[in-house]
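I have placed the structure first, in the form of structure tokens, so that the comments after it can refer back to it.
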Amino acid sequence: MNQNLMVNESKFSIIKIVVISGLFLFALYFNFYSILNEEITVDASYYLSLIEQINDGKVLYKDLKTIYTPFFLLSVSWIKDVLGISINYTFDLAIIFILQLLNAFLIYLLSKKIKLNLYYSLYAAICYLIFSLAVWKLEFTLEPIVNFFGLLSLVLINSKKAYTLFLSAFFASLAFLSKQYGIGFLFLNLVFIYLQNGKTKQFVIYFIIYFLPVILFLYCYPEFVTNFVGTNYSNDQDKSKSFSNYILDNGNQFFIAFFYLVKLFPIVLFSIIIFLMNLKKNKTTILLLLGFFGFLLQFVIAPFHHYFLLALPFLSIFVLYQLKIIQNKNVKIIYIIILCFSFMRIGFVSCLKTYGKGLFTRKDQFEINQKIDNAIINHNDVYIYDVQLNSHYYLSNVIPPKLDYTFGIAADDEFKRNSMKFAKTLIILDSSIKNNDSVKTYISSYYTKVEEIPIILHKQNNKVEIYSKKQ
């Protein structure tokens, strides 16, 4: 009897290992494909342009205006400089992919910390990699490094051991110094200390260690505050509105966050139902819900899909924790079916994104960029009107006349017109000129057309028009 039981358990363990391995390979495949083929996004173009310019001797916040904290930008700049790597998006994405794998490992450790067993912890780690495919394609953004330092701070913290408070606070501070939204991990760590019956002294120590690197950063880069307050991104807000009115008016963007949950909505909804039905068993997962919904508050500022990446670690562990506490066999089977359905839907959409007809790839960007390079006479002070072509900034290592946060999608019409005044070369899509009489009039008054390049951009016929400023 005991021997048969051991054989059955052994077979069940083998099945678990096969399933875990299969899901892991599934996530690896689509990430590897992205490393080799994914197009260079607007955000990636911006961050990598900054990095290339730093390596060319420009000084962050003085020569290069940005609202982002510097740690990751300076770190990647240093790595590329030491290795002698310049413009190579495959290498750039490889850095992000390694961070994603490290984040999955930290999720495994954090799952073990809240008493999930080996298999549930592995599933939580893999869920993070797969859920990422649902809301985010592998691209060069700041969220993976924020997750790395933030999750590391949560894994390390233990209110009974003083040295872990120091380490946790330091890494949580690095999460903030990689991107401001990383401040969310400070609050999560403080909640964790509170749940462990932490003393006032521990909170004070944590705050001091956390803010020391931040103070050092502000001392070394005092221009950061001016950049943050003075950029177009912050000035887009109506100054006549109070902060509370601004949040109320833009609060609907919080609900847009759930648009990105479409492929995950069934499992998220069912997980929350299980949570509410087992509140007594769910005290340890309060931290997970705070992390999940807390990081969704970013959507009040702007509804960008990569913001969701900071919430995914907590969702992944939460989903597996709810599976663990389900006692009813039939309910557990339904839960697993819903989770499998989510995986299949993510897989189907990922296949469409990978193998669909007419997809815009990095190869297409390279070809367009080469045509633009050949046509441009003056490579100084180049301004690109359309964000769809912003990869040219990175691929050709050129910068607009006023390198500001707003050379990306935050740029409004007024900023674009001001940038054109200082540009010696203008790159714009034909479709943008046709739909904007004021731009058409301005260009005809101050610029001479140099080249017209027919292209297919995202399945649409279009033309890249290149203008040189009149003497």
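For reference, positions follow the sequence shown, starting with 1.
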Query raised in the report: Can you tell me if Thr164 uses its side chain to pair, donor with acceptor, with the backbone of Ile157 under 3.5 Å?
Result: no
Query raised in the report: Can the ring centroids of Phe72 and Phe140 be said to lie less than 6.0 angstrom from one another?
Result: yes
Requested in this report: Measure the shortest side-chain to side-chain distance between Thr90 and Arg362 over non-hydrogen atoms and say whether it is less than 4.5 angstrom.
Outcome: yes
Query raised in the report: Is any side-chain heavy atom of Leu122 closer than 4.5 Å to a side-chain heavy atom of Phe24?
Result: no
Query - Side-chain touch Asn31/Gln100, heavy atoms, less than 4.5 angstrom - result: no
Requested in this report: Taking the side chain as every heavy atom from C-beta outward, state whether Leu190 and Phe207 have any pair of such atoms under 4.5 Å apart.
Outcome: yes
Requested in this report: Determine whether the side chains of Thr66 and Tyr46 contain a donor N or O and an acceptor N or O closer than 3.5 Å.
Outcome: yes
Query raised in the report: Mind checking whether Glu52 and Tyr393 have side chains closer than 4.5 Å, heavy atoms only?
Result: no
Requested in this report: Classify the side-chain pair Ser396/Asn369 by whether it contains a donor and acceptor separated by less than 3.5 Å.
Outcome: yes
Query raised in the report: Do Phe185 and Phe295 have their ring centres less than 6.0 Å from each other?
Result: yes
Requested in this report: Show your reasoning for whether side-chain contact (heavy atoms from CB on, under 4.5 Å) applies to Cys220 and Leu216.
Outcome: CA-CA 6 Å; Cys220 294; Leu216 180 63; 4.2 Å; yes
Query raised in the report: Okay, side chain of Lys179, backbone of Thr141: is any donor-acceptor separation there less than 3.5 Å?
Result: no
Query raised in the report: Do Glu451 and Lys371 pass the side-chain contact (heavy atoms from CB on, under 4.5 Å) test, and can you show the C-alpha distance, the side-chain angles, and the key distance before you say yes or no?
Result: CA-CA 10 Å; Glu451 189 74 44; Lys371 291 177 181 178; over 6 Å; no
Query raised in the report: Is the distance between the ring centroids of Phe148 and Phe171 under 6.0 Å?
Result: no
Requested in this report: With ring pair (Phe, Tyr, Trp, His ring centres under 6.0 Å) as the test, would you mind laying out the steps for Phe32 and Phe97 before giving the verdict?
Outcome: CA-CA 8 Å; Phe32 273 127; Phe97 179 58; 5.2 Å; yes
Query - Check: Phe26 and Phe343 side chains under 4.5 Å, non-hydrogen atoms - result: no
Report task. Kindly state whether the ring of Phe217 and the ring of Phe224 have centres lying under 6.0 angstrom apart. Result -> yes
Report task. For the residue pair Ile428 and Val439, establish whether any side-chain heavy-atom pair is separated by less than 4.5 Å. Result -> yes
Query - Asn37 and Thr361 side chains, donor-acceptor separation under 3.5 Å - result: no
Query - Val76 side chain near Tyr47 side chain, heavy-atom distance below 4.5 Å - result: no
Requested in this report: Applying side-chain contact (heavy atoms from CB on, under 4.5 Å), run through Tyr128 and Leu151 and close with a yes or a no.
Outcome: CA-CA 13 Å; Tyr128 170 73; Leu151 291 171; 5.9 Å; no
